[in-house]
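On a predicted model such as this, the values are computed, not experimentally measured, just so you know. Reckoned from all heavy atoms, side chains included, excluding hydrogens, waters and symmetry mates.
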Amino acid sequence: MSVLTEERRQKKLEEIMMKKDYENKQVYFIGGGLASLAGAVYLIRDCDFPGKAIHIIEEMTIGGSNDGAGNPEQGYVIRGGRMLNDEAYENTWELLSTIPSLNDPDKSVRTEIREFDTAHPTHAKARLVNKNAEIEDVMSMGFDLSDRLAMAKLIITPEEKMGKARINDWFGAHFFETNFWYMWATTFAFQPWHSAVEFKRYMIRFMHEFPRIQTLEGVTRTPYNQYDSIILPLKKYLDQYDVDFKMKCTVNDLYFKNSEDITVTAIHYTREDAQGVIEIQEGDRVIITNGSMTDGYSLGSMTKAPVLKGKGNSWKLWDKIAKKKSGLGNPSSFDDDIDGSKWESFTVTCQDSRFFDLMEKFSRNKAGSGALVTFKDSSWFMSIVLAHQPHFLNQPENVNVFWGYGLYPDKVGDYVKKRMSDCTGEEILTELLGHLNFENDREAILKSANCIPCMMPFITSQFMPRSLGDRPQIIPEGSTNLAFVGQFCEIPDDVVFTEEYSVRAARIAVYKLFGINKEITPINQYQYDIRTLFSAFITSYR
């Protein structure tokens with residue numbers, strides 16, 4: 001018998017043994033977002049785990065924060081847009097390279113996105129707009145010597161020495177009036193009171209983007225909104241393997257074995273007003289998305305402002321289990337300061353092309369280029385993005401959709417003398433048109449548009465100042481069957497508020513829980529690349 005034949009025989013034997021080991025074993029994902037979908041794919045693809053034994057429990061009809069819903073009559077809604085990046089989304093692209101496209105099963109989602117982004121590249125020509133509706137020259141970052149020294153100190157200071165320091169603890173007032181801050185803050189949604197550690201991680205992780213932040217050329221766009229372009233293909237893949245989706249099912253609590261280790265024994269849930277318990281057997285696994293950036297969101301309308309809500313079930317569950325066992329994190333660092341973590345977005349559905357035509361003329365960007373436009377002097381610190389059309393699978397040709405947000409929803413507007421949080425969709429759109437000086441077309445645009453505002457109390461909760469240990473490890477010390485995924489677990493060196501963080505967490509969780517000896521694509525360390533460092537240095541003096 002040849003060595004090759006023996007190796008094949010041994011591999012086949014191992015596969016058979018693996019399947020036998022999985023017999024009657026179940027995996028329960030709590031939360032139906034990207035992390036859970038990715039984890040389910042890794043179980044099927046890399047662990048040969050049976051799809052019928054994978055259960056995804058989600059309280060909504062659409063899981064996670066990668067959403068996109070609506071219709072042309074009632075209006076479309078995108079609560080938020082997540083920035084994708086070719087260089088820094090290592091595991092995301094590897095995952096999507098194995099998921100078939102909805103439009104062409106012979107093409108992967110990764111290939112589909114790459115081809116679309118190549119055909120429709122982003123190159124912002126109106127990145128910042130001032131109070132006079134004039135496009136600013138943003139080639140200079142606007143740093144002075146103190147800004148550069150503070151940035152250098154931030155980069156080299158170890159995280160363990162920074163504690164709960166905020167960004168404005170490291171930088172003076174001048175820094176927050178630079179072109180760099182206006183662009184970086186609105187690209188990634190940072191606030192001055194957010195964690196200096198997270199800001200430091202972003203500066204390192206996206207160092208390659210620093211020299212081109214003014215054009216956003218490094219932003220990778222999907223053909224449609226991220227629900228249609230990413231979540232739906234993942235869902236279809238999992239459906240083919242009969243993965244069990246329990247939608248409109250709320251997990252209220254986890255029960256633990258009375259021992260020093262961390263062993264989940266049962267899941268308590270509510271579904272259709274009936275309560276139930278899932279008993280966790282030996283060999284079963286529980287993977288939880290703790291916390292949610294879109295938890296407690298509220299939608300308004302053209303005639304109604306959204307309301308500000310408090311903690312939803314994802315936060316309540318994490319609060320509850322963290323009190324039961326040590327090592328499960330400290331959710332209060334993220335969910336106890338809504339004023340520090342909220343902002344408001346809005347989605348506008350236009351029944352004609354008037355606004356897009358005006359924006360193309362104003363910005364010099366092709367309509368639907370996906371370039372972010374920020375009104376730097378806006379009291380609400382407002383930005384908008386006009387994505388390529390159609391942005392939804394069911395969007396008619398004559399309908400156009402764009403998205404925007406304001407980082408300061410409690411400030412009074414410049415044209416509408418109300419707080420953004422108190423404004424209807426019509427009033428938010430009126431404020432936007434004022435900043436663009438589109439007054440001559442205001443009535444026509446308002447008549448043909450439907451602006452749906454969305455208040456999100458926890459949208460940047462993952463950026464709130466934290467201490468080491470506030471985010472639990474993916475596999476907590478002493479855990480026998482529990483893992484954490486999503487934006488509120490700890491992955492050294494990686495950055496939250498990204499698709500990559502959720503996907504990487506899911507891959508780590510599955511591989512570690514099942515002892516899979518496969519490589520997890522490492523983080524690209526651009527801070528050690530001489531060319532990247534030199535380019536960043538030159539940019540800081542522009």
> Would you say the side-chain atoms of R507 and T521 include a donor-acceptor pair closer than 3.5 Å?
yes

> State which residue, out of F463, F210, Y501, fulfils the ring-ring contact (aromatic ring centres under 6.0 Å, His included) condition with Y202.
F463

> Which is it for K324 and D319 under the salt bridge (Lys or Arg N to Asp or Glu O under 4.0 Å) test, yes or no, and what are the steps along the way?
CA-CA 9 Å; K324 295 184 178 185; D319 285 342; over 6 Å; no

> Angle class for the H194/F190 ring planes (parallel below 30°, perpendicular above 60°, tilted otherwise)?
perpendicular

> Classify the ring geometry of Y511 against Y42: parallel below 30°, tilted from 30° to 60°, perpendicular beyond 60°.
perpendicular

> Please lay out, stage by stage, how F497 and E198 fare under the test side chain to side chain contact (heavy atoms under 4.5 Å, CB included).
CA-CA 10 Å; F497 211 19; E198 297 304 330; over 6 Å; no

> If you look at every heavy atom in A509 and V485, which pair is closest and at what distance?
CB-CG1, 3.8 Å

> Taking atom types as modelled, find out whether E87 and N524 have a side-chain donor-acceptor pair closer than 3.5 angstrom.
no

> Ignoring hydrogens and angles, state whether a donor on the side chain of S108 or S97 is under 3.5 Å from an acceptor on the partner side chain.
no

> For I56 and G31, which heavy atoms make the closest approach, and how far apart are they?
CG2-O, 3.8 Å

> Taking it one step at a time, do R110 and E94 satisfy salt bridge (Lys or Arg N to Asp or Glu O under 4.0 Å)?
CA-CA 8 Å; R110 168 56 173 154; E94 191 279 336; over 6 Å; no

> Assess the side chains of S461 and S341: does a donor N or O sit below 3.5 Å from an acceptor N or O?
no

> Ignoring hydrogens, what is the shortest heavy-atom contact between T289 and S36? Give both atom names and the distance.
OG1-OG, 3.8 Å

> For L299 and P306, which heavy atoms make the closest approach, and how far apart are they?
C-CB, 3.9 Å

> Could you check whether any side-chain N or O of T118 sits under 3.5 Å from a backbone N or O of R114, counting only pairs where one atom can act as donor and the other as acceptor?
yes

> Any chance you could measure I30, atom CD1, to I321, atom CD1, to the nearest 0.5 Å?
7.5 Å

> Given 3.5 Å as the limit, does a donor-acceptor pair link the side chain of S479 with the main chain of I475, or not?
no

> Using a cut-off of 6.0 Å, state whether more than 12 heavy atoms not belonging to K164 lie near its atom NZ.
yes

> Using a 6.0 Å distance limit plus a 45 degree cone around the ring axis, check whether R466 lies over the aromatic ring of F334.
no

> If we check side chain to side chain contact (heavy atoms under 4.5 Å, CB included) with E344, which of these qualifies: P457, S421, C454, S298?
S421

> Could you tell me if T98 and R45 have a donor-acceptor pair between their side chains, going purely by distance under 3.5 Å?
yes

> Compute whether any side-chain donor of one residue and acceptor of the other, for T215 and E217, lie under 3.5 angstrom apart.
yes

> Which residues pass the salt bridge (charged side-chain N to carboxylate O under 4.0 Å, His left out) test with R221, sequence neighbours left out?
none

> For atom CD of E159, decide whether the heavy atoms of other residues, nucleotides or ligands shown that lie under 6.0 angstrom number more than 12.
yes

> When rounded to the nearest 0.5 angstrom, what is the spacing between CZ in R205 and CG in N85?
8.5 Å

> Can you classify the ring geometry of F488 versus W315 as parallel (below 30°), tilted (30 to 60°) or perpendicular (above 60°)?
perpendicular

> Calculate, to the nearest 0.5 Å, the distance between atoms CE and CG belonging to M382 and L407 respectively.
11.5 Å

> Working note: D493 + R201, criterion salt bridge (Lys or Arg N to Asp or Glu O under 4.0 Å); need CA distance, chi angles, decisive distance, verdict.
CA-CA 6 Å; D493 301 327; R201 286 194 182 192; 5.7 Å; no

> Please indicate whether K52 has more than 12 foreign heavy atoms, meaning atoms of other residues, nucleotides or ligands, lying under 6.0 Å from its NZ.
no

> May I ask you to decide if the ring planes of Y28 and H55 are parallel, tilted or perpendicular, using 30° and 60° as cut-offs?
parallel

> Run the salt bridge (Lys or Arg N to Asp or Glu O under 4.0 Å) test on E490 and R504 for me, step by step, so that the C-alpha distance in whole Å, both residues' side-chain angles and the decisive distance to 0.1 Å come before the verdict.
CA-CA 11 Å; E490 179 56 47; R504 185 181 292 273; over 6 Å; no

> Rounded to the nearest 0.5 Å, what's the gap from CD1 on I520 to CD1 on I491? Could you check?
9.0 Å

> Does the Lys NZ or Arg CZ of R285 fall within the cation-pi geometry relative to F514 - under 6.0 Å from the ring centre and within 45° of the axis?
yes

> Decide yes or no on side chain to side chain donor-acceptor pair (under 3.5 Å) for E500 and T92, but give the supporting numbers first.
CA-CA 5 Å; E500 175 63 17; T92 304; 2.7 Å; yes

> What heavy-atom pair brings G370 and T122 nearest, and what distance separates the two atoms?
O-CG2, 4.3 Å

> Between D337 and K342, is the closest basic N to carboxylate O distance under 4.0 Å?
no

> Just checking, is any N or O donor in the side chain of D284 or Q281 under 3.5 Å from an acceptor N or O on the other one?
no

> Does I167 offer a backbone N or O that forms a donor-acceptor pair with the side chain of W193 under 3.5 Å?
no

> Decide, yes or no, whether a salt bridge links K311 with D336 under the criterion of side-chain N to carboxylate O below 4.0 Å.
yes

> What I want to check is whether the side chains of T270 and Q275 have a donor and an acceptor closer together than 3.5 Å.
no

> Atom CD1 in I204, atom OG1 in T532: separation rounded to 0.5 Å?
13.0 Å

> When you measure from the centre of the six-membered ring of F245, is the NZ or CZ of K235 closer than 6.0 Å and no more than 45° off the axis?
yes

> With a 6.0 Å cut-off (strictly less than), is the heavy-atom count around NZ of K246, excluding the residue itself, greater than 12?
yes

> Would you compute the distance between atom CD1 of I428 and atom CD1 of I452 and round it to the nearest 0.5 angstrom?
11.0 Å

> Indicate whether any N or O donor in one side chain lies under 3.5 Å from an N or O acceptor in the other, for D104 and S101.
no

> Minimum heavy-atom separation for L328 to W318, with atom names?
O-NE1, 2.7 Å

> Just checking Y224 against H391, ring centres under 6.0 Å apart?
no

> If you draw a 6.0 Å radius around OH in Y241, do more than 12 non-hydrogen atoms from other residues or ligands fall strictly inside?
no

> May I ask you to check whether S292 and D295 show a side-chain donor-acceptor distance below 3.5 Å?
no

> Can you find a side-chain donor-acceptor pair between D86 and T220 that sits under 3.5 Å?
yes

